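Right, one structure below, let's go through it.
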Amino acid sequence: MVETESLRNTSGSGFKVTSGAIVCIADNSTDMERFAGDVTIGTGSVLHPRVYISANGGHVDIGEGNIIEEQVRINNRLSDKGTMVIGNNNVFEVGCIIEAKAIGDNNVFESKCYVGPEVTIGNGVTVGAKCNLTAPDTIQDLSVIYGENCDQRLANDKPTSQASQREFLSRILPNYHKLFKPNKPILETAALNSM
Amino acid sequence: MAFLAQQEAVIIACTCGSLKPVCRTYFCRHCFVIRCGNCVSNEVDSIYCAFCLDNVTCEHSLSVRSHTVRETTPQPQQPPVSKHATPSNRAYYLACFFCRWTSRDSNIPDQKTASGSWPERSNTHSTRLNVLLDYYKSIGALEKSNINIDHQSYMKYLRKPTHLLEDQFGFSANVRKQKVELLKKKNLILTDPHSKITVEGSVPTDEIEPLSEDFITKEIDLLSIPKLEQRFNISDLQPDHVSQLMPYHKRLMVKQSQRCRECEHNVCKPEYNPSSIKFKIQLSGYFCIPEIRIISYTPLIAGQVSEITFKICNQFKESTTIKFKQLPPKNSEEDLSYYKTLKKEILLTDNLHKSTILMEEARIQEVTTTGQLDLPKCELVLPPRDDAADCDDLADNQNYNDDPKIVIWRKCNKVGVRMQITPNPDLTVGSMVKVGFLLNFTYTNTLSSTLENKQAPQIIPVDVKMFIDVGVLSDETEK
Ligand SMILES: [Zn+2]
Ligand SMILES: [Zn+2]
Ligand SMILES: [Zn+2]
Ligand SMILES: [Zn+2]
């Protein structure tokens, strides 16, 4: 993997976590390579262990109340080195790869989906499991993308709120995982973990 | 595994005359003959929904169920639909987790109960359709009542699609009785010339609704237009806006058991529970007939001797002795005696209380062999299948008196056999070299020994006609 190399060099240089966000750290030091470049994570967001966020191409700004599950890769690969803005209350399910230009609020990215760098996601959008969005496009609010042919339809309502799930996770996760403490620089935490 | 066995290079001729790969055959352990899908009777065991594996146990409620179960939404790929209860007023609506369609999208009112009496859509042409259906049914019944029991014409009748539609599956005795009653009533009406149904033909029209003015200039919103597939799924409505899409009925699935047509014993009987894939009775030919696979062969050249290696594998739990025989000459008495005439039960409409058994002759599928196989004269003994021995590298089978020219190797229940093959001299390059032989194996009938009489197990020799597509003929110069 080409990216890991660059990740290692700049590990944790500008990693900002607002208090109230939960960032789980798997129990080994190499795990710190998961965050690279300028990343901001908003209040109430939950990051499971083994989430990879790379802001080498530009700043990544993650809003409030997002759930980011295991093996999710968020990668700023915007051509103009601009900021990748992710709104609030989004759910990123296991193994999805997000390189989108911008993401609104209340979206659901199901497992293993891929959103390419030319795509802008509106609000209340559901991207189905294993759906690949690669063509330059703006996905309309309340769209549902599903099935192997990435069929698209418009839903009546936005996806159901994940607030209760978020609450549950923020109660359970601290019991079983080491958490990243916002007031400590990330390199120190890494050193602590390796001891 | 299934894929390996399904390669149609090695084909077995069933006693009914059809050609099948070994995994598509059955072996009846009561008449000791090979059976296939064409010479067993199929019976409906259970009926279930393919999406939720819900078992519809009561046969009488079946038709009701299949017309009321609403499993799906109008979108093409359909996972099961769940019923949501909104806590405030406990109204229920259908929702698809896959594409997030809900019945509210199509303006279907919420229901008070979970099972829901979801409104049936009525077809605008239903009266016309019913008239036509009645008419076709009457024609069908008339045809059926006019069958001559003469064998030739019956065979002709068998090939008619109307008959196939009705008799595709076997019916259990109960249903059969009901069907007889029904036919009886119908027959009373139909044989009476006065009550013959007539229909008016439909009249074509030139008047077509004009397109709206902005039809060409209006911008198309693709998200509001259903796809062709979605439209054709609701053929009577063919909606042109997504909000008009309606749920449609899904077919239920059937779990079948197979019965030998001759002795009426089951050859394959799956578990009643639709979610279980176990088979209570599994007499697949794959487990009884020695399996033959081609391992390698030297280039096949017309008129010249090549070498071919087969792997022969005994999948049965008793040992077997195999012998190879030349195929008897075509259409000779010996050849034809391989195929057996089969019982075929038919329901006669003019003699309603009885079903009649007719004999159906084997429909022999002709095979022309294009090569000669030099068959070994010796017998080969294959030990029973032993799953544990497969993992044992040290297991040596030295106590078989094998001719080393023929048997190249042995491992557990498998044996490598070398033979010589001569493609016909007049064969053209690139065409398939097909050989055939009669495989004689012994089947140990464990059924008889398990009974109280404590006999030694019965050993029955069984002949199987094998046809093998060895490979294409290569050019002599290429060698
Ligand atoms: Zn058959
Ligand atoms: Zn179902
Ligand atoms: Zn759906
Ligand atoms: Zn039988």
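A quick note: this is a predicted structure, and the numbers were derived from the prediction, not measured. Numbers restart at 1 for each chain; the letters A, B, ... are given by sequence-line order, proteins then strands.
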Applying side-chain contact (heavy atoms from CB on, under 4.5 Å) to Gln71(A) and not counting sequence neighbours gives Arg50(A), Tyr52(A)
More than 12 non-hydrogen atoms from neighbouring residues, nucleotides or ligands closer than 6.0 Å to NZ on Lys81(A), yes or no?
no
Does Lys255(B) NZ have over 12 foreign heavy atoms under 6.0 Å away?
yes
When you measure from the side chain of Arg153(A) to the backbone N and O of Cys99(B), does any donor-acceptor pair fall under 3.5 Å?
yes
Taking atom CG of Asp105(B) and atom CG of Leu154(A), what is their separation to the nearest 0.5 Å?
9.5 Å
Decide yes or no for Lys227(B) and Asp151(A): does some side-chain heavy atom of the first lie under 4.5 Å from some side-chain heavy atom of the second?
yes
Kindly check if the number of other-residue, nucleotide or ligand heavy atoms within 6.0 Å of CZ (Phe168(A)) is above 12?
no
Side-chain contact, heavy-atom cut-off 4.5 Å: Leu142(A) with Arg100(B)?
no
Inter-residue atom distance Ser106(B).OG - Asn156(A).CG, 0.5 Å rounding
9.0 Å
Counting heavy atoms not belonging to Ile172(A), are there more than 12 under 6.0 Å from its CD1?
yes
